[in-house]
Amino acid sequence: MKQPTTSVHQPTFIAGSDLPIPTLKILDSEGKLYPGAKAPDLDQALALKIYRAMLFTRILDERMVSAQRQGRLSFYLTCAGEEAAVVGTAAAFNNSDMIMGQYREQASLRFRGFTARQFMSQLLSNEKDLGKGRQMPVHYGSNELNFMTISSPLATQIPQAAGYAYGQKLEAQRQGRDLDCCTLCYYGEGAASEGDFHAGMNMAAVLKCPVVFVCRNNGYAISTPTAEQFAGDGIASRGVGYGIKTIRVDGNDLLAVYTAAAEARKIALQDCAPVLIEAMSYRLGAHSTSDDPSGYRSREEEDKWRELDPIERAKRWLLDQGWWSEKEEKAAQEEYRSEVLRELKAEEKLPPPALEELITDVYDKPPTHLQTQFDELVAHLNRYPEQYPTHRGGQH
Amino acid sequence: MKQPTTSVHQPTFIAGSDLPIPTLKILDSEGKLYPGAKAPDLDQALALKIYRAMLFTRILDERMVSAQRQGRLSFYLTCAGEEAAVVGTAAAFNNSDMIMGQYREQASLRFRGFTARQFMSQLLSNEKDLGKGRQMPVHYGSNELNFMTISSPLATQIPQAAGYAYGQKLEAQRQGRDLDCCTLCYYGEGAASEGDFHAGMNMAAVLKCPVVFVCRNNGYAISTPTAEQFAGDGIASRGVGYGIKTIRVDGNDLLAVYTAAAEARKIALQDCAPVLIEAMSYRLGAHSTSDDPSGYRSREEEDKWRELDPIERAKRWLLDQGWWSEKEEKAAQEEYRSEVLRELKAEEKLPPPALEELITDVYDKPPTHLQTQFDELVAHLNRYPEQYPTHRGGQH
Amino acid sequence: MTTMNLLQAVNSALDNAMAADDRVLCLGEDVGTFGGVFRATSHLQEKYGRARCFNTPLTEQGVAGFAIGLAAQGSVPVAEIQFADYIFPAFDQIVNEAAKFRYRSGNEFNVAGLTFRSPYGGGIAGGLYHSQSPEAYFCHTPGLKVVIPSNPYQAKGLLMSAIADPNPVVFFEPKRLYRAAVGEVPEEAYTLPLSEAQIVSQGSDITLLAWGAQMEILQRAADLAEAEDISCELIDLCTLLPWDVDTVAASVTKTGRLLISHEAPRTGGFAGEIAATIQEHCFLSLESPIARVTGLDTPFPLAHEKEYMPDHLKVFEAIKQTIHY
Amino acid sequence: MTTMNLLQAVNSALDNAMAADDRVLCLGEDVGTFGGVFRATSHLQEKYGRARCFNTPLTEQGVAGFAIGLAAQGSVPVAEIQFADYIFPAFDQIVNEAAKFRYRSGNEFNVAGLTFRSPYGGGIAGGLYHSQSPEAYFCHTPGLKVVIPSNPYQAKGLLMSAIADPNPVVFFEPKRLYRAAVGEVPEEAYTLPLSEAQIVSQGSDITLLAWGAQMEILQRAADLAEAEDISCELIDLCTLLPWDVDTVAASVTKTGRLLISHEAPRTGGFAGEIAATIQEHCFLSLESPIARVTGLDTPFPLAHEKEYMPDHLKVFEAIKQTIHY
Ligand SMILES: Cc1ncc(C[n+]2csc(CCOP(=O)(O)OP(=O)(O)O)c2C)c(N)n1
Ligand SMILES: Cc1ncc(C[n+]2csc(CCOP(=O)(O)OP(=O)(O)O)c2C)c(N)n1
Ligand SMILES: [Mg+2]
Ligand SMILES: [Mg+2]
């Protein structure tokens, strides 16, 4: 058993301030590099792919919030303000790495190639939804894109991500190849209060699982500010306790996020160990369309953060690099807007998944009792054909 | 929302080694003060009260392990090796402070005045057991002594202790008096992996609960060594993450433990905030009478720790102080041995709790359905009077 | 008397309880400044201070454990679990700790003052994780009381009783009715007895039994049945644990038939317990099998929620089948 | 064939499964070097390496979550929960996550390979927290399979099926029988079908139904009954979810009487579900109420464990009552 080495003879208590954790910043708010800062190894193509995913997501979010207000969706939840934290991390990973998210990371799914149409199918629970219309809007998932289906119970994905990564490690060993993929796991600073957070972080560390944890510290868990969520120095300060290499970044600074994430992935694969990134940012919008933040925070606070918009900052840097122009910006915005609206309209016309999907996937095959329940249901629906919608109304 | 202040422009990951946590040591293994160390403010009466509780517990443990081997008890679990960590902390608290333990802290209960007879009643599940014979041996509890009844599910007492302490704070406020009592909560380094640990520590910190957490880091959780329990620097390193004032002590050094605990209680009351003490020690015996440690650790390791016996070390210091003599030691040992054996014999003669206790305390009063079930049971037992023991045999 | 919806009735119960006894506390995720995501704790922090109505960190097991500690200390905590779907991380603390606290200590300690409140149930397009009805999981746990109101008047009276009851109580609130159910409710404090079922309306052909939001469904089905000259006796169970066997058994002895309905999946749902008990008590009176109209044995769906729900038409059909057995 | 006790049969199943498929892993508290507190995983770490049989930190929610992640990735984890009494901290991961994983993702992802094993039950002087039988809590959860063997042969065959089954399975092992039940068991791999009840012995007067350790009790009661010329049909349910309604219903149709026994408290126990279902299927065949012989509605006791247990005498009395109804 490990025993600590140094000793003292006067009682001294350590406290949070004994471990000040700095924030990695590369781009200043004007989109210029800080003195002494170095831009990560990002070529134009990748930089633009990242930027476009951020921009698309912002536009998707805006449109969908409106669509929800119009009653075309039951629910929505935006990534607004955190696009750099999300795409900047995801972009440092390979498509073969598994992403296990919380729910506010649609920008990473877009980065991997999820189409506007696919977003719409899920949001509208129509027959094309990969999730077969079973979960509320924004609970995306795609096996093809290695994006684990989102689950509402918070923090449950954290120990799962540790286990997933352990499985990746063993599979590589079994196949006699070097470890070449890992897991990227997102969660909010609120979810980090759950017991599953502790279990997952500790297990990842002690069982040496190649997983990069990204904590999006956006200041709030619904209405609860961080001051009522924890008393320590953010989430990064917990990394030390787990023996996990940890870094804090300005989550609104795309280059800082990407730099940290690229480095983190390298460590995860080389050391076969977890890494923790805490991305400091802000949830610019409401928690979801069911929420009204005016009840718990000030307009001024929101405005202050709006000035630090990560997309704006990334754009300034891209313009500076000569990789992007206002004209391209405008064209991209228009393209995304019309794409989103076009797909929304098209997907609204599709029916919901088949009624049979009520009982599939509970098990690999419906067991007898469930088949019987279903047959009885069908007989009942046939008795009252006009009472049950066989096609999706506007109301899902 | 809090925002970190310092920033850096190169990615640097913090790691466990960035926060070395020293161990407070006051008595060396010969029972002399380390140079520069100061003995805590302990008068002879208190020092002897502590020492006697340690000694009694060691003897109780030895006798009860034998009694279990003889089939007189179903189960037992010793404190051996950790008596200083337990009594040294408990002694720094008032009797009005609530103790919420894990299960290996019988020495603190003894310190508060639990009698040999009371130990026996619980261990034998007889009619005098305060717990009415419902829990396995060693699950002590006493309202009078402010010692919360032990519960087997690990770590559940941690958030409970936070809540209890919050209640103490509010009660003082309500009664318009200064906070004058707090909660002392023990747990093992293994239990500290449970989600409840995280929940409890974090809530205690953010809700400012006057609770002192004492983690007994004794190297093992049943067979699991600390190296397979966590990858960080013990449990103390987690305190920082929660923003909890934290200290690590040599758990086999009574003076270091007491010093830290006295200081911790002061902080808890003054700041109305939690404190964490990690006491580094070793479980000298088996996990319990159901366990055989030879399957997972070496004799040499055990012997090394046996040399560091906390009772022996405390005794040397007491002898040095002129507060204790070998003669008194011998007398005390004999007294405790015969007391324990006498009470064991006497308590073995007592019957188990009344059959009615099967249904009391499930609710404040037995509801109808439970009364009916009980009446049916009694009718059944009367049908087969010879088949059911109405008095305890040797077999509980 | 004032007109209140179910949410306002809950809020009023909390308000009265906090006003009457300063040991009463409200805690949970977002219950502070914000007043809870459904606003059940609105204005309580303003009125009673941050110490007595407070946000907790986001951890249900922590909320439950903390509340248990408070109760053991002598406080009277009312802990909110934001959605019943999220009560499972607190399962160990509720089922292994709260439920067994008094028993295991031989009454040296107890958690008399403890109440958990949580919105449950479907019909709000909430999918898997904003729709569950987990009451049966708790009803298998001696030491707990489980209470579910079906209208604003009950919500307030039963919640005040739950808070006053010297045992840990799990109180599930039908969230579909939070704003939909409106009724006359006294502003002052009052209690309604626990473990007493309420006979909502008398009938002679069949007993219909449910709780919570499902009562409204039974009522609509009973109306349809009446049009076909079937007389239904409606019973609202109100408290599921310990439940009022006598009232239900007496009714079934009279009507000879029983139908039980809940939203939760059929297998292992609480209707099974009731059916098993009643077939024992009323074996010779039963004229047809006890019917269960419940959710399917699947997770809670979204797109086909309407088809999934045990609605009035399904209940109506089951009534007819039972009658014509 | 070799003689094995139930524990050795479990160990043999794990050994065969790990030998046949290197994706099979064993994890849990103390399962590594030590081989588990009951030694069910003895020698597996030696044989298959630390990577495939390993200790976890002490966190059941972590064990469950980690195992779910492993299964989602394509591994075949067999996670041990040290005692069924300690499965509750993992309740959310099992009930909200594992059970709903395939369904909620529309089959994009699944946890096909997942198995939880845990020793359950009383009769070992374990008191509240080393005696519980929590099967009913899991049987209310669509998406899970729940399996309980009653002897060594079943333990191995059913565990191998559970591991091979493409759904998450909760496998409870009767720990009272770990060493007490001994029988002939093949050393090589074999499976026994899930969701098939086993008719242990034919009879004509009453059907006795149970699972796990309770089967031995039923057998002793049936022997007593036989001496009084009552012919019992004994059924071992083996899989509780989804359970074999047809076999039980056919038997009850024949015998006209049913008695179900489990150790868990009566209210909300799985006997209730079975009774509710069977009274529906066999209403016209039933000659007396379905009887339940179960634990009392209390936490599990210690000093009066013998009185608490649903033993052969209680079952025997209930048989007579049912026959002479
Ligand atoms: C176990 C659980 N408890 C409660 C909720 C309800 N809930 C949904 S989101 C949320 C806040 C999460 O905050 P955070 O983790 O900071 O993420 P953010 O929304 O800020 O991105 C809460 C309480 C839930 N989904 N799961
Ligand atoms: C929730 C729960 N899981 C598992 C157990 C079984 N168990 C009892 S003691 C123990 C080890 C505890 O180790 P630690 O916390 O280090 O305390 P120590 O025994 O070393 O004092 C385990 C796994 C339990 N009692 N509760
Ligand atoms: Mg947040
Ligand atoms: Mg330990």
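Naming: A, B, ... by sequence-line order, numbering from 1 per chain.
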Is it the side chain or the backbone of D:Asp311 that comes within 4.5 Å of chain B heavy atoms, both, or neither?
-> side chain
Most chain D-contacting option - heavy-atom pairs closer than 4.5 Å, from B:Glu376, B:Gln135, B:Lys132 | B:Gln135
Of the backbone (N, CA, C, O) and the side chain (C-beta and beyond), which part of B:Leu370 lies under 4.5 Å from a heavy atom of chain D, both, or neither?
-> side chain
Okay, B:Ala191 and chain D: the region with an atom under 4.5 Å from a heavy atom over there is backbone
So, the part of B:Asp292 with a heavy atom under 4.5 Å from chain D: the answer is backbone
Whether B:Asp129 side chain and B:Gly133 backbone form a donor-acceptor pair below 3.5 Å = yes
Given that the side chain runs from C-beta out, which part of B:Leu377 has a heavy atom under 4.5 Å from chain D: side chain, backbone, both or neither?
-> side chain
Against chain B, work out which of D:Leu58, D:Thr298, D:Val37 has the most heavy-atom pairs shorter than 4.5 Å and name it.
-> D:Leu58
One option among B:Thr224, B:Leu381, B:Val362 has the most heavy-atom pairs under 4.5 Å with chain D, and it is B:Thr224
Spell out, as yes or no, whether a donor-acceptor pair under 3.5 Å connects the side chain of B:Asp196 to the backbone of B:Leu154.
-> no
Scored by heavy-atom pairs under 4.5 Å with chain D, the best of B:Thr156, B:Ile222, B:Asp361 is B:Ile222
Best-contacting candidate, D:Asp297, D:Leu128, D:Thr33, against chain B by heavy atom pairs under 4.5 angstrom | D:Asp297
Options B:His369, B:Gln387, B:Gln229, B:His139, ranked by heavy-atom pairs under 4.5 Å with chain D, top entry | B:Gln229
Toward chain B, the part of D:Arg50 with a non-hydrogen atom under 4.5 Å = side chain
Counting only N and O atoms by type, is there a donor-acceptor contact under 3.5 Å from the side chain of B:Gln122 to the main-chain atoms of B:Met136?
-> yes
OG-CE distance between D:Ser261 and D:Met309, expressed to the nearest 0.5 angstrom | 9.5 Å
Indicate yes or no for a side-chain donor-acceptor contact from B:Arg216 to the backbone of B:Gln102 under 3.5 Å, with no hydrogens or angles considered.
-> no
Is D:Lys320 salt-bridged to D:Glu317, going by a charged N under 4.0 Å from an acidic O?
-> yes
Decide, yes or no, whether a salt bridge links B:Lys128 with B:Glu347 under the criterion of side-chain N to carboxylate O below 4.0 Å.
-> no
Interchain contact, D:Phe316 with chain B, by part (heavy-atom threshold 4.5 Å) | side chain
Going by distance alone, is a donor N or O of one side chain under 3.5 Å from an acceptor N or O of the other, for B:Asn218 and B:Ser281?
-> no
Interchain contact, B:Ala354 with chain D, by part (heavy-atom threshold 4.5 Å) | backbone
Does one side chain, of D:Glu29 or D:Asn55, offer a donor that lies under 3.5 Å from an acceptor on the other?
-> no
